[in-house]
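Just so it is clear: chains get the letters A, B, ... in the order the sequence lines come, proteins before strands, and each one is counted from 1.
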2 protein chains.
Amino acid sequence: MSLAHAILGLLNYQPMSGYDLKHLAFDRTIAHFWPADQAQIYRTLDKMAGEGWIAGELEVQSDRPNRRVFTITEAGRAELDRWLHTPQAIPAHREAFLVQMFFAAQLPDAVILEHIDQQIAARQARLDQFGQIIAPSPDEGPLRREQVFWRLTLEFGLAHERMCIEWLELSKQTIRSAAQPPDTKDAPHEG
Amino acid sequence: MSLAHAILGLLNYQPMSGYDLKHLAFDRTIAHFWPADQAQIYRTLDKMAGEGWIAGELEVQSDRPNRRVFTITEAGRAELDRWLHTPQAIPAHREAFLVQMFFAAQLPDAVILEHIDQQIAARQARLDQFGQIIAPSPDEGPLRREQVFWRLTLEFGLAHERMCIEWLELSKQTIRSAAQPPDTKDAPHEG
DNA sequence: GTATAATATAGGACAAATCATATATCAAGG
DNA sequence: CCTTGATATATGATTTGTCCTATATTATAC
């Protein structure tokens with residue numbers, strides 16, 4: 001379960017609560033390659049505590065609800081290290097829009113072109129969100145070792161969205177140039 | 001559930017058994033954007049028959065086990081059409097290797113470079129598999145309308161793997177040029 | 001005053017996907 | 001004779017992930 005290992009990696013930086021993990025860590029930087037549901041984070045923390053990978057301590061707060069702050073244990077560090085050394089399989093790619101594209105011959109061009117525009121807009125929105133991820137700029141002197149890798153995962157996100165948009169634009173062109181023949185049964189006069 | 005809709009799209013071409021769907025349709029062409037487990041296909045067929053989207057008929061065979069051949073119904077065609085008109089959300093991207101990359105500062109360069117090479121090999125293998133997908137070549141005259149869209153989904157797969165490989169190569173270069181400092185605590189003399 | 005948002009955790013219900021295994025027949029290879 | 005592979009379907013168990021809802025407090029906005 002990679003969610004557990006992502007959490008181990010984060011708690012290896014500093015102890016955090018489930019709320020911190022969700023709002024400060026996952027939603028800010030990790031979500032674009034491993035989004036995490038709030039409910040699942042808490043349940044996974046329970047499981048990890050059961051495994052002895054992390055230890056939770058209740059932090060009583062007067063002005064706000066109490067927090068359970070989790071710290072990585074030695075066993076947790078060992079598990080993280082073991083996992084980081086394990087080669088990972090390429091995940092399955094499941095994209096409903098591509099299924100639509102595959103069967104789009106059954107749709108009028110106008111509808112599939114609308115779908116494509118909507119996909120472009122959604123991809124562009126993600127690209128814009130990436131701009132808000134705190135990326136250390138290269139002119140601020142040499143990057144810390146961590147920052148090299150953080151930046152690479154960000155670059156992946158950017159490259160991925162750009163590739164998708166390029167392909168979507170290409171698809172629009174392809175569909176337009178292989179446009180649906182008009183209502184006549186004959187081939188169009190211009191070839 | 002998009003698996004059901006992928007099946008509807010396939011059965012809209014011609015009636016098929018669960019076995020056909022798995023081995024002729026999914027594993028051959030659709031798997032790279034919607035892989036399907038055999039057990040899940042059969043269970044989904046049961047559900048779809050329950051919804052009235054498809055009708056199964058037992059085909060008795062003497063030399064081989066009997067087949068249940070499914071045909072799309074009018075309700076199924078309507079459901080397929082409805083779904084094809086529905087805009088699709090961008091799916092979550094979950095990639096364990098990127099989690100490793102994010103935390104790779106805790107690994108020696110040699111290990112992460114090995115992981116990268118293994119990822120490149122796996123991506124390359126997928127690229128090679130795509131070569132076996134029957135892609136209608138553009139010099140065989142004008143493509144049938146279906147083939148335009150089939151080809152586009154194939155192009156997506158190719159573009160995706162190529163992008164991944166490019167990024168992996170870039171990552172190797174980046175890691176090498178920002179190499180781990182040697183065991184001395186001082187900064188290296190060349191800089 | 002009252003609704004909303006932020007902080008903080010948790011459980012129920014469900015959907016989707018994976019993995020292993022079982023069954024049954026025939027053909028082909030050793 | 002025995003194993004393996006192709007054909008063909010099916011079930012059990014489990015893992016993962018999602019969605020909704022509940023609880024409780026404080027601060028802020030209207």
Side-chain angles (χ1 to χ4, degrees), chain A residues 1-7 15-28 30-51 54 56-70 83 88-96 99, chain B residues 1-7 15-28 30-51 54 56-70 83 88-96 99:
Chain A
M1 213 206 330
S2 289
L3 176 60
H5 296 101
I7 291 174
M16 273 185 277
S17 67
Y19 190 87
D20 293 340
L21 285 164
K22 171 67 177 163
H23 296 272
L24 303 180
F26 278 96
D27 287 358
R28 296 269 177 94
I30 294 192
H32 73 278
F33 50 87
W34 204 281
D37 182 75
Q38 173 263 130
Q40 204 192 352
I41 288 175
Y42 283 104
R43 277 193 262 245
T44 302
L45 285 169
D46 288 342
K47 267 177 87 175
M48 293 167 72
E51 299 274 350
I54 58 176
E57 207 172 340
L58 193 72
E59 193 181 281
V60 179
Q61 300 189 125
S62 55
D63 53 336
R64 290 175 191 179
N66 297 338
R67 293 152 48 87
R68 276 167 70 213
V69 177
F70 293 91
W83 183 79
Q88 299 300 313
I90 291 177
H93 186 144
R94 267 191 195 90
E95 193 158 343
V99 178
Chain B
M1 213 203 333
S2 288
L3 176 59
H5 296 100
I7 292 174
M16 273 187 277
S17 67
Y19 190 88
D20 293 339
L21 285 164
K22 171 68 177 162
H23 296 271
L24 303 180
F26 278 96
D27 287 358
R28 296 269 177 94
I30 294 192
H32 73 277
F33 52 86
W34 204 281
D37 182 75
Q38 173 263 129
Q40 205 192 351
I41 288 175
Y42 283 104
R43 276 194 262 248
T44 302
L45 285 169
D46 287 342
K47 267 176 88 174
M48 293 167 72
E51 297 273 352
I54 58 175
E57 207 172 341
L58 194 70
E59 193 180 283
V60 179
Q61 299 189 127
S62 54
D63 53 336
R64 292 175 187 178
N66 297 339
R67 295 151 45 86
R68 278 167 67 212
V69 177
F70 293 91
W83 183 81
Q88 298 300 313
I90 292 177
H93 186 141
R94 268 195 193 85
E95 192 157 345
V99 177

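- Rounded to an integer number of Å, the gap from A:H23 NE2 to C:dT9 C1' is 11 Å.
- Rounded to an integer number of Å, the gap from A:D37 CG to D:dT18 P is 6 Å.
- A residue-by-residue look at B:D20 and A:W34 shows that B:D20 has its nearest nucleotide of DNA chain D further toward the 5' end.
- Rounded to whole Å, atom P of C:dA22 lies 15 Å from atom CD of B:Q38.
- Side-chain N/O atoms of B:R67 include one lying less than 4.0 angstrom from OP1 or OP2 on D:dA8.
- Under 4.0 angstrom from either OP1 or OP2 of C:dT9 there lies at least one side-chain N or O belonging to A:Y42.
- Across the protein-nucleic acid pair, B:K22 atom NZ and D:dA6 atom P stand 14 Å apart, rounded to whole Å.
- Side-chain contact check for A:W83 versus A:Q88: some heavy-atom pair is nearer than 4.5 Å.
- Of all the heavy atoms in B:M48 and B:A4, the pair that sits closest is CE-O, 3.3 Å.
- For B:Q40, the listed nucleotide lying nearest its side chain is C:dA17; candidates were D:dT7, D:dG17, C:dA17.
- Distances shown here put a side-chain N or O of A:R94 below 4.0 Å from the OP1 or OP2 atom of C:dT18.
- Summarising the geometry, the separation between CE on B:M16 and P on D:dA8 is reported as 13 Å, rounded to the nearest angstrom.
- Contact annotation for B:A39: base contact, defined as any heavy-atom pair under 4.0 Å involving a base atom.
- At the heavy-atom level, A:D46 lies nowhere under 4.0 Å from the strands shown.
- Counting only heavy atoms from C-beta on, A:A92 has its side chain closest to C:dT18 among C:dT18, D:dT7, C:dA6.
- The interatomic distance linking B:Y19 (OH) with D:dA10 (P) rounds to 15 Å, in whole Å.
- Taking 3.5 Å as the limit, the base of D:dG12 and the side chain of B:R43 contain a donor-acceptor pair of atoms between them.
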Yes or no on side chain to side chain contact (heavy atoms under 4.5 Å, CB included) for A:F26 and A:L3, after CA distance, side-chain angles and deciding distance?
CA-CA 10 Å; A:F26 278 96; A:L3 176 60; 3.6 Å; yes
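- Summarising the geometry, atom CZ belonging to B:R68 is positioned 7.0 Å from atom CG belonging to B:L45; distances are rounded to the nearest 0.5 Å.
- Taking atom CD on A:E95 and atom P on C:dA17, their separation rounds to 14 Å, with Å as the unit.
- Rounded to whole Å, atom P of C:dT9 lies 9 Å from atom CG of A:L45.
- A salt bridge is absent between A:D37 and A:R43; no separation between the charged side-chain nitrogens and carboxylate oxygens falls under 4.0 Å.
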